[in-house]
Structures are given as C-alpha cells and as structure tokens.
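Working notes, beginning with the structure itself.
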Amino acid sequence: MNNHQPPNRFKPAPMPRFEAQRLTDLKALQILDTEAEERFDRYTQLAADLFQVPIALVSLVDAERQWFKSAVGTDLRETDRTISLCGHVVAADEILVIEDALRDPRFAGNPLVQCAPQIRFYAGVPLHGAAGQPVGTLCLIDHQPRHLAQHELALLKQLAALVESELQRQRHIDQLRAEIERSAYFDALTSLPNRRLLSDRLDFALELASEQQQRILVAIFDLNNFSTFNKSFGRAAGDALLRAIAERLTQEFPPPTVVGRWRDDQFMLIVFQNDLSMEALGERLVRCIGRPFRVDDKMLHVGAKIGVSCYPDDAQDSHDLIQHAIMAMRPNPPATESSFRLYTPALERNRVRYYHVLRRLRRAIAVGQLTLAFQPEVEIASGCLVGAEALLRWHDPELGQVPPDEATATAEQTNVTHLLGEHVLRTACQQAARWREVCGRRLEVAVNLTATQLYRPDLVKLVADILGESGLAGSQLILELTESSLVEDIDTAVERMQALKPLGVRFAIDDFGTGYSSFAYLTQLPVSRLKIDRAFILAVSESAEAAKVVSGLVELAYRLQLDVVAEGVETPAQLAFLRQIGCNIAQGYYFSPPLPAEQFADYVANWKSA
C-alpha cells in the first residue's frame with residue numbers, strides 16, 4: 001500500500017552556525033528535565049483540540065536530543081536529535097509545515113515517519129529563549145496528511161507566542177529573583193557590598209579576630225558637600241563620582257579588606273591587617289581620596305570626613321564598632337579637604353553632651369530662653385557709633401552658660417538651625433528698630449548667617465517678612481557670612497545675595513583670612529565689607545608679619561571698594577595702627593564687651609550725650 005512512497009531515506013537537520021549561543025540560551029531557561037507543568041500543558045491540549053490533531057508538543061532541542069516539556073498524545077519524553085523534525089525548525093529558525101512526510105524526500109525515511117508515532121503531517125513554530133535564540137518548537141503531529149490554512153497557521157503562531165512568553169517568563173522571574181537576592185546584599189550603583197552584607201561580614205570578622213586574637217579596623221567616611229556637588233553637576237555626575245570612588249577603593253584596598261557602600265555618599269572599610277595602625281589607615285584613605293577623580297572628562301577634587309575605630313580597643317561587637325567610627329567621623333568640622341579622626345571615649349561624652357544640648361536648645365527656642373548681646377561697631381576716622389553685631393547668648397537652667405559656637409554648631413546639624421537662625425534674625429531686627437527711638441538715628445545691625453541658612457530656599461521671603469514686621473530698613477541689616485559657607489556653592493550663594501540686594505540688605509565676609517582666603521571669589525560676590533579675624537588684630541602689636549597681613553587685607557579691600565571691620569580691638573595701640581593703615585570700622589573690648597539689649601540701649605544713649 002506504500003508503493004507511492006519515495007525511497008526509504010531521510011536527511012538529518014543541519015547544525016546551525018549559532019549552535020553555541022543557542023545552547024547557552026536554552027540552558028539559561030533552566031527547564032530541561034523538569035517536571036510537567038500545567039502552564040505548558042494547557043497550551044498543548046488547546047492546540048490539539050483546536051487543530052484536531054492527535055499529538056501536540058512543546059519540544060526543546062538540546063545538543064544531542066529533543067526533549068518534550070509538554071506532550072499530548074504520546075508517552076515519549078525525548079528522541080534523538082538526528083531524527084528530530086523540530087531540529088529543522090531550530091536550524092532554519094522559521095516555521096516548518098510538512099503536509100505529507102511520506103511524499104517529502106527529506107523526511108520519508110525518518111524513523112519517526114516509518115515507525116511510531118508514524119508522522120504524516122507536521123507543523124512546527126520556533127520558540128525562542130530570553131536572548132532570542134531558537135531553542136525549540138510548538139508543533140502539531142497527525143497520522144494523516146493534511147493542509148494548514150493561512151488562518152490556522154496564524155493561530156498556531158499566536159499559540160507559540162504564548163508558549164514562548166511562558167518560557168521566558170520563568171527566566172525573567174529567575175533573573176528578578178537573582179537581582180532581588182543580589183540587591184539584598186550588594187549596592188546596585190557601585191556593586192559593592194551594601195550595609196547588610198557589611199554588617200554580616202564584620203560579625204564574621206570579629207568572630208575570627210576573637211579566636212585568633214587579631215585587631216580589626218573599621219573606617220567610615222562621607223564626602224564633603226556631596227549634595228552641593230549633585231546640585232552643581234547633576235545626579236548622573238554624582239553617581240559617576242560614587243562609582244569612581246568605589247573603583248579606586250577596591251583597587252587601593254584589595255581583599256582581605258572589605259570595601260562597601262554604607263549609605264548615600266558614605267563608604268566603609270573593614271581592615272583585617274594587624275600591622276596597620278588606625279592613624280596609618282586614616283592617612284592612607286586621605287591620600288586615596290585626595291587624588292583627583294575623572295568624571296565625564298573632568299578632573300574633580302573631593303574631600304571626605306573619615307572616622308576610624310578599632311576592635312577590641314574601642315568596642316566588642318559590630319554595632320558599637322560601626323557607631324564609634326561614625327561618631328569619630330561626625331565631629332569633623334565642615335571642610336573641602338579630607339580629614340580623619342580616631343574614636344576616643346571622649347567622643348562618646350561629646351555625643352551625650354550633643355544630644356543633651358540639642359534637646360535643651362529646642363526647648364529654649366520654644367520658651368524664648370535665648371537672648372542676644374550687642375557689641376558696638378565704631379567708625380575709626382570719626383569716632384561715631386555706626387552699629388553693632390548681634391551675638392547669641394544662652395543660659396540654660398540645666399546646662400548653665402552654653403557657648404554660642406556650641407549652640408550654633410549643634411543646631412547646624414539638624415533643622416533646628418532654621419529655628420535658631422530665624423529667632424536670632426527676628427530679635428536682632430526688632431532691637432535695631434528700637435535704637436532709633438533711643439538715639440534718634442539709624443544704626444546698623446550685623447547678624448551671622450550659617451551655610452544652612454544661606455541656602456534655604458525661602459531665605460529671601462523670610463528676610464523680607466522680618467524686615468516688614470520689625471520696621472527696620474533693609475539698609476540697616478548686614479548679614480555676615482563665613483568664607484567656607486560661600487565657597488560651598490558659590491553660584492547659589494551669589495544668587496541668594498543678589499535676590500536680597502533689592503531689599504537694601506548688605507553682606508560682610510566674617511573672619512576673613514582664616515578660611516579659604518581666595519581673592520578671586522571676592523570679585524564674584526556682592527559684599528560690602530570684610531571683617532578681619534581678631535587673631536590677626538591681637539598679633540599686630542607683637543608680630544611684624546601679622547601687621548603686614550592686616551595691612552595687605554585693608555589695601556585689598558580698598559582696591560575692591562569694600563569697608564573693613566577689625567574685630568577684637570582691645571588696646572589704643574591696636575586702634576592707632578588700624579587708623580594709620582586706613583581701616584574703616586573697629587569692634588572689640590576697647591570700646592565695649594557685648595552688652596545685653598537693655599544695656600546696649602543705655603550705651604547708645606550715653607554715646608550720644610558724651
């Protein structure tokens with residue numbers, strides 16, 4: 001009955017040139033030799049029902065076999081690849097329809113045609129892995145010849161697309177699971193160990209160190225002014241900088257040292273070496289970070305505050321060891337260059353003091369416990385009183401007299417700085433407005449402004465509101481800024497200062513000569529005066545070099561058409577020297593110590609009548 005058949009021969013499927021990539025894509029699915037799953041079986045059953053065929057398969061073509069993930073109508077689980085019809089589909093990566101295998105010379109002699117399952121009709125659509133390589137087929141088999149209409153072929157393609165999505169979905173799920181597991185322990189941006197993994201590794205390191213009587217060093221640092229960097233260069237540049245730092249740290253501190261990203265712009269090192277001292281680690285980190293980083297074709301210099309702690313000297317467990325390193329890092333003053341600090345028990349006492357002061361400061365602002373003292377500013381040439389600097393004073397029932405610098409520094413690390421700054425500015429303006437009633441003329445009042453206050457977005461509105469409420473003219477208000485606060489983000493600083501100028505407000509650079517002392521930036525800033533730090537004034541009588549510095553600063557200010565205020569004037573000789581070199585204004589104990597508001601009002605009245 002088979003006298004119409006061609007000779008008994010068949011042609012094995014060719015090996016595709018992309019076989020290695022194809023097999024990699026197949027293995028990545030991690031599906032070979034797994035149990036049957038309903039999510040595939042429902043599609044093979046649906047295909048068999050829709051097309052009225054006895055056999056429907058999800059076939060995956062391995063290196064030497066074809067394996068059936070799902071099969072309807074046969075108990076076979078796999079066959080040799082050389083006789084696989086699906087191998088032809090994979091090799092060509094296109095649909096294959098065989099209407100009658102016995103009449104097709106390529107397949108007539110195939111054992112799967114001659115023997116069970118006696119294939120006469122075959123239609124296979126390629127299935128692809130996550131990388132796009134053909135890995136198998138969704139195929140239909142019938143024991144009778146048949147024709148597949150175009151709409152039926154389109155339907156088979158749609159079913160194959162659904163099966164393919166199931167194949168790739170599991171791969172995507174596995175990838176997502178792996179990513180989630182990795183993200184639990186590694187930082188996505190830098191690929192360094194994250195906070196969780198760092199803590200785990202430190203716990204393990206301390207166990208080993210305890211058994212072997214070794215020392216463990218922990219260093220934590222964060223970048224200076226990183227938020228300003230992000231504002232100036234953009235978030236993408238900030239991310240690139242963090243990656244560059246991570247790369248350098250891993251190069252400079254190879255295993256067994258553990259390098260990780262603790263949080264945000266903070267990095268952490270766990271150092272196992274017994275021969276490396278805390279000081280040496282701090283110095284090594286300073287040198288490492290001190291070299292410029294290349295970011296987007298720019299060479300950038302960054303600084304960091306570094307804290308170092310040691311096991312077993314400073315702590316016995318990972319939590320305390322980390323907290324002590326952070327504690328050592330935080331007290332470092334704001335700066336642009338890198339610096340390090342070692343943990344000492346005194347820092348713990350300072351921390352307790354810090355939180356006590358912060359708690360009491362919040363209360364002091366709320367109940368109006370803070371006061372201001374005013375130190376007179378006198379025009380040297382005429383001897384006229386021109387104004388005063390407002391200075392914070394705080395006597396707390398529990399803490400006693402709290403130094404102004406401590407109160408300001410404590411507030412600066414939290415949002416309390418806005419409350420404190422607003423209180424000082426409002427009180428100073430209110431007092432200065434009352435002086436006109438006492439002396440019959442307007443006196444200036446100088447108020448210190450911290451970096452955090454300078455960069456607050458609503459600064460201009462705040463100053464305008466306070467001037468309006470107090471009745472003080474803007475021309476009577478001088479805001480004093482430190483050099484470090486200005487260079488932190490000079491563009492924003494200039495923007496804020498220019499926005500305040502229409503109110504009549506003027507600006508002074510406080511303690512000039514002690515900070516960056518970059519004359520170049522002076523030309524960019526809309527300032528009207530420089531204040532020379534009292535340390536220079538105290539030294540002019542004893543040091544010729546100090547006298548030269550002060551003379552040079554006054555000459556510089558004269559060339560830039562800026563007034564100069566000398567702080568800390570205490571003797572007639574100092575005043576005579578300042579008069580000789582052309583300094584404009586003097587302030588110091590020679591005239592008066594800082595006075596409470598009521599005493600300053602009396603001082604003004606007596607000055608007028610003197």
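Heavy-atom basis, side chains included; hydrogens, waters and symmetry copies ignored. Quick caveat: nothing in here was measured; it's all calculated off a predicted structure.
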Within 45 degrees of the ring normal and closer than 6.0 Å to the centroid, is that where the cationic atom of R248 sits relative to F293? yes

For the residue pair L454 and L459, what are the closest heavy atoms and their distance? O-CD2, 3.5 Å

Determine yes or no for a side-chain-to-main-chain donor-acceptor pair under 3.5 angstrom, with T410 supplying the side chain and L358 the backbone. no

Residues passing the ring-ring contact (aromatic ring centres under 6.0 Å, His included) test with F267, sequence neighbours excluded, are F221

Has the side chain of Q498 got a donor or acceptor atom that lies under 3.5 Å from a matching backbone atom of E495? no

Backbone of S475 reached by a side-chain donor or acceptor of R506 within 3.5 Å: yes

Q266 vs M329 side-chain heavy atoms within contact, under 4.5 Å: yes

Sidechain-backbone polar pair: R287 side chain, G290 backbone, donor-acceptor under 3.5 Å: no

Indicate whether the side chain of H356 and that of E398 have a donor and an acceptor atom separated by less than 3.5 Å. yes

Shortest non-hydrogen contact from L242 to T190? O-CG2, 4.0 Å

Nearest-0.5 Å distance that lies between atom CD1 in I220 and atom CG in L285: 11.5 Å

Counting only heavy atoms not in Q401, do more than 12 sit closer than 6.0 Å to its CD atom? yes

Any side-chain to backbone donor/acceptor pair from T250 onto E247? Under 3.5 Å, distance only. yes

Does either side chain, that of T408 or that of D405, offer a donor lying less than 3.5 Å from an acceptor on the other one? no

Are E379 and S382 close enough that a side-chain donor and a side-chain acceptor fall under 3.5 Å? yes

Drop me the distance from C429's SG to E469's CD, to the nearest 0.5 angstrom. 10.0 Å

Hey, are the side chains of Q316 and L321 touching, using non-hydrogen atoms and a 4.5 Å cut-off? no

Between D317 and D320, is there a donor-acceptor pair closer than 3.5 Å when you use the side chain of the first and the backbone of the second? yes

Measure across L385 and L443 and return the closest heavy-atom pair with its distance rounded to 0.1 Å. O-CD2, 3.5 Å

Going by the angle between their ring planes, with limits at 30° and 60°, are F374 and F600 parallel, tilted or perpendicular? tilted

For M268 and V218, which heavy atoms make the closest approach, and how far apart are they? CE-CG1, 3.9 Å

Would you say T257's side chain and V271's backbone share a donor-acceptor pair under 3.5 angstrom? no

Does any part of the side chain of Y590, heavy atoms only, come nearer than 4.5 Å to the side chain of V378, both counted from C-beta? no

Does any part of the side chain of C583, heavy atoms only, come nearer than 4.5 Å to the side chain of Y558, both counted from C-beta? no

Check E480 with R529, please: is the shortest side-chain N to carboxylate O separation under 4.0 Å? no

Answer yes or no on whether R284 is positioned over the face of F253, meaning its NZ or CZ is under 6.0 Å from the six-membered ring centre and within 45° of the axis. yes

Within the structure provided, determine whether E252 and R291 are in side-chain contact (heavy-atom separation under 4.5 Å). yes

Taking C-beta and beyond as the side chain, do R393 and P596 meet within less than 4.5 Å on heavy atoms? no

Which pair of heavy atoms, one from Y343 and one from A328, lies closest together, and at what distance? N-CB, 3.7 Å

Check: residues 562-573 side-chain donor-acceptor pairs under 3.5 Å, at least two apart:
from : atom 1 : to   : atom 2 : distance (Å)
E570 : OE2    : R534 : NH2    : 3.1
T571 : OG1    : Q574 : N      : 3.1

According to salt bridge (Lys or Arg N to Asp or Glu O under 4.0 Å), who are the partners of E283, at least two apart in sequence or on a separate chain? none

Any donor and acceptor pair, going by atom type alone, linking the side chain of Q453 with main-chain N or O of T417 inside 3.5 Å? yes

Pair K548 + E555, salt bridge at N-O below 4.0 Å: no

Just wondering, do N584 and I380 contact through their side chains at under 4.5 Å, heavy atoms? no

Where E412 and A451 come nearest, the two heavy atoms and their spacing: OE2-N, 3.8 Å

Treating Q375 as the side-chain partner and S592 as the backbone partner, does any N or O pair qualify as donor plus acceptor under 3.5 Å? yes

Just so I know, are the side chains of L472 and V445 near enough to count as touching, which here means a heavy-atom distance under 4.5 Å? yes

Tell me yes or no: between the side chains of Q430 and S470, is some donor less than 3.5 Å from an acceptor? no

Got a second to check how far Q323's CD is from D314's CG, nearest 0.5 Å? 13.5 Å

Before accepting this row, confirm whether a basic side-chain N of the pair D239/R243 lies closer than 4.0 Å to the acidic partner's carboxylate O. no

